[in-house]
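All remarks here apply to the structure that follows.
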Amino acid sequence: IARAVRATSDDVALFAEYTPDNIAHWTVDGVDAATDFVAQQAVYDWLWRKTASPARVAEVHAQRRFDRGGPGWTAIAFTATHDQPRFLTLVGDPAIARLAQLFMLTRATIPAIYYGDEIGLHATEHRAFEDSWPDRQCMPWDEASWDRETHAMTRSALHLRRDHVALRRGDEQPLAIEQVLAYRRSYGDHEIDIVLNGSAESVRVPLPGDRGARVLLSLAGAVVEDRELVLPPWGGLILERVRELPAEALDDATAIANN
């Protein structure tokens, strides 16, 4: 099928919904990208079932990338499919769902948004896998019913992905920071760090590395204070890393400006 489709045009991308673990079997010379359910379940363990630490989630995702090989876009990231309850239906808290959505939107994989998740669509009940009809409701087009905070966050994250090459095409490396899930997207000298607090408690963690940071997106009021990241419950930051001038260079610049 792949060969026949590609024979019709060079400008074609083939995606597959594939449930077994070994998606690399299909992405080597078949489809361009396939769904990664193992990676999805790691997020479920972290934010829904509460059985996995941030370090464990990072370990699973790094192992998946190693096993798969190739560029990040050979896998498709998602929080739910049409055959599953929506993530918000499972967790019941829009703040937690937004954090999972931000994680999915900022990884090296291809993000797949289940229609309506960007506006907080969810059901009042959830059933077992393959019995997800309550979450297959029609898309509500009355914007008054939308979750504006979720919608704004999703749009902002997608705009950042479009505007920053590190988020579109960059590599992904985990960052070892206690209590949070953190990773770096890099392309050449362009570095962007994503730091997520998947807990109901506020945390303060050090800013990784020796570069400065410019906040591109703040979730739940997260801020940078004196080379520390202050993350409220279910908060997150997208940080563009910038080179900081040494103190003497700043003094010289100030002197020149004053003269």
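Quick note: residue numbers are just sequence positions, from 1. Note: hydrogens, waters and symmetry copies are ignored here, and every other heavy atom, side chains too, is used.
No donor-acceptor pair under 3.5 Å is formed between the side chain of Trp234 and the backbone N or O of Leu196. A distance-only check finds a donor-acceptor pair linking the side chain of Thr106 to the backbone of Leu102 [under 3.5 Å].
Surrounding CD of Glu178 are at most 12 heavy atoms belonging to other residues, nucleotides or ligands under 6.0 Å away. Residue-environment remark: CZ (Arg169) stays at or below the threshold of 12 foreign heavy atoms within 6.0 Å. Atom CH2 of Trp73 has 12 or fewer heavy atoms from other residues, nucleotides or ligands within 6.0 Å. Around OH of Tyr187, the count of heavy atoms belonging to other residues, nucleotides or ligands within 6.0 Å does not exceed 12. Within a 6.0 Å radius of CZ in Arg204, other residues, nucleotides and ligands contribute more than 12 heavy atoms. By the 6.0 Å contact criterion, CG on Asp210 is open, its count of non-hydrogen atoms from other residues, nucleotides or ligands being 12 or less. When the shell of 6.0 Å around CG of Asp11 is examined, it contains 12 or fewer heavy atoms from other residues, nucleotides or ligands. Surrounding CD of Glu125 are more than 12 heavy atoms belonging to other residues, nucleotides or ligands, all under 6.0 Å away.
One finds the CG atom of Leu158 at 9.0 Å from the CE atom of Met153 (value rounded to the nearest 0.5 Å). Put simply, CG on Leu88 and CH2 on Trp48 are 13.0 Å apart, with the number rounded to the nearest 0.5 Å. Once rounded to the nearest 0.5 Å, the distance linking CG of Leu99 with CG of Asn197 reads 7.5 Å. Rounded to the nearest 0.5 Å, atoms CG (Asp36) and CD1 (Ile76) are 10.0 Å apart. One finds the CD atom of Gln173 at 9.5 Å from the CZ atom of Arg65 (value rounded to the nearest 0.5 Å).
Residue pairs meeting the salt bridge (charged side-chain N to carboxylate O under 4.0 Å, His left out) criterion with at least one partner in residues 187-199, sequence neighbours excluded, are Arg184-Glu191, Arg184-Asp193, Glu191-Arg211, Asp193-Arg241. Within the structure, the ring-ring contact (aromatic ring centres under 6.0 Å, His included) test picks out the following pairs touching residues 155-175 (sequence neighbours left out): His164-His190.
Aromatic pair Phe103/His61: centroids less than 6.0 angstrom apart.
Residues Leu237 and Leu217 form no side-chain contact, since every pair of their non-hydrogen atoms from C-beta on lies 4.5 Å or further apart. Residues Met139 and Trp141 have side chains in contact (heavy-atom distance under 4.5 Å, counting atoms from C-beta outward).
Using the six-membered ring where Trp is involved, Phe87 and Tyr44 have ring planes that are tilted, between 30° and 60° apart.
Arg86 forms a cation-pi arrangement with Tyr114, by the criterion of a distance under 6.0 Å to the ring centre and an angle within 45° of the ring axis.
Counted by atom type alone, Gln84 and Gln40 present one or more donor-acceptor pairs between their side chains at under 3.5 Å.
For the pair Asp83 and Arg136, the salt-bridge criterion is met [side-chain N within less than 4.0 Å of a carboxylate O]. Taking the charged nitrogens against the carboxylate oxygens, Arg185 and Asp171 have no contact shorter than 4.0 Å, which rules out a salt bridge. A salt bridge links Arg98 to Glu149: one of the charged nitrogens lies within less than 4.0 Å of a carboxylate oxygen.
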Hey, mind stepping through Arg155 and Glu118 against salt bridge (charged side-chain N to carboxylate O under 4.0 Å, His left out) and telling me if it holds?
CA-CA 8 Å; Arg155 286 177 58 90; Glu118 74 279 10; over 6 Å; no

